[in-house]
Amino acid sequence: ARPRAPPAGVGPTLARAAAEAGMETIAALLLRVPHRHRDRTVEPLAGVEPGRQATVLVEVLGGRPNAFRRRGLSVVSAKVGDDSGSVKASWFNQPWVAEKLTPGATLLLTGSRDERGFRVAEYELVGEGER
């Protein structure tokens, strides 16, 4: 069969990569299964066991945090909590996060808990209508 021309907006590089991945039709694209799944089910903060990755919905408690440098790393820490408890959340090498962490702001955090608090890997500010 003669190869089809790629749809408008698809250049030769993308068309070649899609063909190599076995996606030559829209149906093939829709039926493609991801290599892995990341569970983002929201859990209570108190239920997160140390060392395990989890997603929590929390509120910023206390005053506005400041970024500081420790051993070459920029660290932003803020006290966050939900109805089950509170913990210190830390962002590494992301000093711009400090200005977004206003008291009362709601955050969706993904990360892991350790003896010092909650190490944030990903975060999202949640608007009032999105809870």
Side-chain angles (χ1 to χ4, degrees):
R2 192 176 89 197
R4 296 182 204 176
V10 176
T13 304
L14 182 57
R16 188 172 32 259
E20 288 173 5
M23 296 182 291
E24 294 184 8
T25 65
I26 298 296
L29 176 63
L30 292 173
L31 295 173
R32 183 164 172 83
V33 178
H35 291 286
R36 65 185 172 133
H37 169 73
R38 296 186 305 177
D39 185 6
R40 296 291 189 242
T41 304
V42 175
E43 311 180 28
L45 187 57
V48 179
E49 298 169 12
R52 188 174 61 80
Q53 184 98 0
T55 300
V56 295
L57 182 66
V58 294
E59 181 179 329
V60 176
L61 308 172
R64 182 174 232 152
N66 291 317
F68 63 92
R69 296 192 70 77
R70 183 186 328 163
R71 290 185 239 140
L73 287 176
S74 168
V75 181
V76 175
S77 295
K79 185 175 181 181
V80 299
D82 62 11
D83 292 339
S84 70
S86 64
V87 70
K88 181 176 81 168
S90 299
W91 288 258
F92 296 92
N93 290 329
Q94 299 179 48
W96 59 87
V97 172
E99 65 191 42
K100 298 178 181 184
L101 301 177
T102 58
T106 302
L107 304 170
L108 189 62
L109 304 179
T110 299
S112 59
R113 194 161 189 173
D114 63 17
E115 67 279 351
R116 293 184 180 168
F118 194 86
R119 305 184 91 172
V120 180
E122 298 176 20
Y123 78 98
E124 181 179 335
L125 285 168
V126 178
E128 286 300 312
E130 298 179 34
R131 285 187 197 183

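We use all heavy atoms of the structure for the numbers below, so side chains are in, but hydrogens, waters and symmetry mates are not.
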Ignoring hydrogens and angles, write down the donor-acceptor pairs under 3.5 Å from the side chains of residues 115-123, residues two or more places apart or on other chains.
unit_1, atom_1, unit_2, atom_2, d
Glu122, OE2, Arg38, NH1, 3.0
Glu122, OE2, Arg40, NH2, 3.2

Distance-only donor-acceptor pairs under 3.5 Å for side chains of residues 85-102, two or more places apart:
unit_1, atom_1, unit_2, atom_2, d
Ser90, OG, Ser77, OG, 3.2
Asn93, OD1, Ser74, N, 3.1

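Expressed to the nearest 0.5 Å, how far CG of Leu14 lies from CE of Met23 amounts to 8.0 Å.
Contact between Ala78 and Pro65 at its shortest, heavy atoms only, is CB-CG, 4.0 Å. In plain terms, the two heavy atoms of Leu107 and Val126 that are nearest each other are C-CG2, 4.2 Å. The shortest heavy-atom contact between Leu61 and Gly81 is CD1-N, 3.7 Å.
Listed by chain and number, the residues in a side-chain hydrogen bond (donor to acceptor under 3.5 Å, both in side chains) with Thr41 are Asp39 (sequence neighbours excluded). Under the side-chain hydrogen bond (donor to acceptor under 3.5 Å, both in side chains) criterion, Ser84 pairs with Asp82, sequence neighbours left out.
Applying the salt bridge (Lys or Arg N to Asp or Glu O under 4.0 Å) rule to pairs touching residues 48-57 yields Glu43-Arg52, sequence neighbours excluded.
Using a 4.5 Å cut-off on side-chain heavy atoms (C-beta onward), Leu109 and Thr55 make no contact.
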